[in-house]
Amino acid sequence: MRVIHFLAVLALTTAMLPAQDDEPDKRLRNATDTLREIMATPDKAIPRGLINRARCMVVVPGMKKAAFVVGGQYGRGFALCRSDWGWSAPAPVRLTGGSFGVQLGADSTDLVFLVMNERGMKRLLSDKFKIGADAAVAAGPVGRDAAADTDVLMRAEILCWSRTHGLFAGASLDGTVVEHDESEAKKLYGRPMSNHEIISGDIKPPEAAVGLVDELRGIAPEGARVH
């Protein structure tokens with residue numbers, strides 16, 4: 001039984017490791033495509049009114065899920081926040097989480113979440129926080145007519161959405177840990193940089209990130225946020 005458990009954990013760990021050729025430039029292109037495709041269907045997209053209210057957006061293309069006795073998830077993406085000069089350069093983030101039980105199979109899910117207030121933004125600027133425990137979370141509504149002013153949405157610090165196999169809907173990320181992706185930041189910016197430095201400083205986006213920044217600017221102009 002110990003051998004079987006060891007092999008199961010080894011298989012899970014291997015499945016969750018990022019591919020060697022999965023470099024940040026590729027992830028930035030995937031994040032751009034994910035955001036563009038989601039927002040291209042207005043009746044099923046994230047309500048623009050919510051994006052205009054948001055302090056930050058995080059896009060995680062291809063969050064991996066794998067499970068065999070022990071379940072887990074792993075993803076890498078990018079956070080962009082509003083600042084005095086417009087949308088910031090993307091700060092790399094890593095998402096991890098786990099569950100236990102008899103679970104079989106593997107999947108890949110695109111995630112988008114909005115950080116709706118100053119408190120949530122401060123969580124994102126820290127090195128690490130847990131969604132649900134450190135920051136209040138709610139499944140985001142879908143569609144142009146979705147109610148954006150209900151009590152739960154107004155109280156939530158983070159609103160989440162997911163897309164799996166073409167299906168797009170609000171999601172719950174309770175228990176997911178979001179942390180600064182130090183190795184990714186070094187690759188993108190040429191030196192170690194914290195999320196706080198990237199988002200709060202007037203950092204020029206690397207060439208590979210221009211598409212993602214421009215896509216977000218097209219969806220939500222810098223001056224559109226409702227205070």
Side-chain angles (χ1 to χ4, degrees), residues 31 34-35 38-39 45-61 63 73 75-97 109-142 146-163 168-182 184-185 193-201 203 212-213 215-217 219-227:
T34 295
L35 183 57
I38 287 173
M39 298 305 296
I46 300 170
R48 288 178 182 257
L50 289 177
I51 298 176
N52 287 338
R53 290 175 179 270
R55 296 301 308 267
C56 306
M57 174 182 282
V58 180
V59 184
V60 182
M63 180 90 168
Q73 54 190 12
R76 303 175 89 172
F78 304 93
L80 300 91
C81 296
R82 296 181 187 274
S83 63
D84 293 338
W85 53 88
W87 287 102
S88 70
V93 294
R94 182 169 57 240
L95 277 65
T96 55
T109 301
D110 299 322
L111 298 177
V112 177
F113 58 90
L114 298 179
V115 178
M116 300 306 298
N117 56 34
E118 190 73 23
R119 191 184 333 165
M121 183 176 177
K122 288 181 179 178
R123 301 286 191 193
L124 189 62
L125 294 179
S126 66
D127 289 336
K128 185 176 182 178
F129 73 97
K130 181 178 286 188
I131 295 177
D134 298 324
V137 60
V142 174
D149 293 316
T150 63
D151 287 344
V152 63
L153 296 183
M154 295 301 289
R155 288 197 306 267
E157 294 172 37
I158 295 176
L159 300 177
C160 301
W161 291 264
S162 68
R163 183 179 67 165
F168 183 66
S172 174
L173 295 182
D174 269 343
T176 300
V177 174
V178 182
E179 58 186 329
H180 172 55
D181 195 336
E182 184 177 359
E184 191 96 322
M193 296 186 70
S194 68
N195 283 353
H196 191 277
E197 287 180 281
I198 296 170
I199 290 173
S200 299
I203 303 297
L212 179 58
V213 176
E215 189 69 27
L216 185 50
R217 285 174 177 167
I219 295 169
E222 289 88 342
R225 181 170 64 86
V226 177
H227 293 275

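Between C160 and L111 the shortest side-chain heavy-atom distance does not fall below 4.5 Å. Using a 4.5 Å heavy-atom cutoff, the side chains of T176 and F113 are not in contact. Residues F129 and V178 have side chains in contact (heavy-atom distance under 4.5 Å, counting atoms from C-beta outward). The shortest side-chain heavy-atom distance between W161 and P141 falls under the 4.5 Å cut-off. Within the 4.5 Å cutoff, the side chain of M57 has no heavy atoms near those of the I219 side chain. A heavy-atom distance below 4.5 Å is not found between the side chains of L173 and S162.
Pairs of residues two or more places apart, or lying in two chains, that qualify as salt bridge (charged side-chain N to carboxylate O under 4.0 Å, His left out) and include a residue from residues 173-182 are R76-D181, R94-E179, R94-D181. Residue pairs meeting the salt bridge (charged side-chain N to carboxylate O under 4.0 Å, His left out) criterion with at least one partner in residues 127-138, sequence neighbours excluded, are absent.
Using a distance-only test at 3.5 Å, with no hydrogens or angles considered, no donor-acceptor pair links the side chain of H180 to the main chain of A91.
Of all the heavy atoms in G170 and A139, the pair that sits closest is C-CB, 3.8 Å. Between A156 and A138 the shortest heavy-atom distance is CB-CB, 3.8 Å. In plain terms, the two heavy atoms of N195 and P92 that are nearest each other are OD1-O, 3.4 Å. For the pair L95 and M63, the tightest heavy-atom approach, listed with the atom from each and the gap, is CB-CE, 3.8 Å. The minimum heavy-atom distance linking S88 with I198 is given by the pair CB-O, 4.4 Å. Contact record, M121 with R55: SD-NH2, 3.5 Å, taken as the closest heavy-atom pair.
Note that NE2 of H196 is 10.5 Å distant from SG of C81, once rounded to the nearest 0.5 Å. In this structure, CD1 on I131 lies 10.5 Å from CD on E157, to the nearest 0.5 angstrom. For the atom pair CD1 (I203) and CE (M193), the distance works out to 3.5 Å, reported to the nearest 0.5 Å. Atom CD1 of I46 is separated from atom CZ of F168 by 4.0 Å, given to the nearest 0.5 angstrom.
Here R48 pairs with nothing under the salt bridge (charged side-chain N to carboxylate O under 4.0 Å, His left out) rule; sequence neighbours left out.
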(request) Please assess R123 against I158 for the test side-chain contact (heavy atoms from CB on, under 4.5 Å), listing each intermediate value before the final yes or no. (result) CA-CA 10 Å; R123 301 286 191 193; I158 295 176; over 6 Å; no
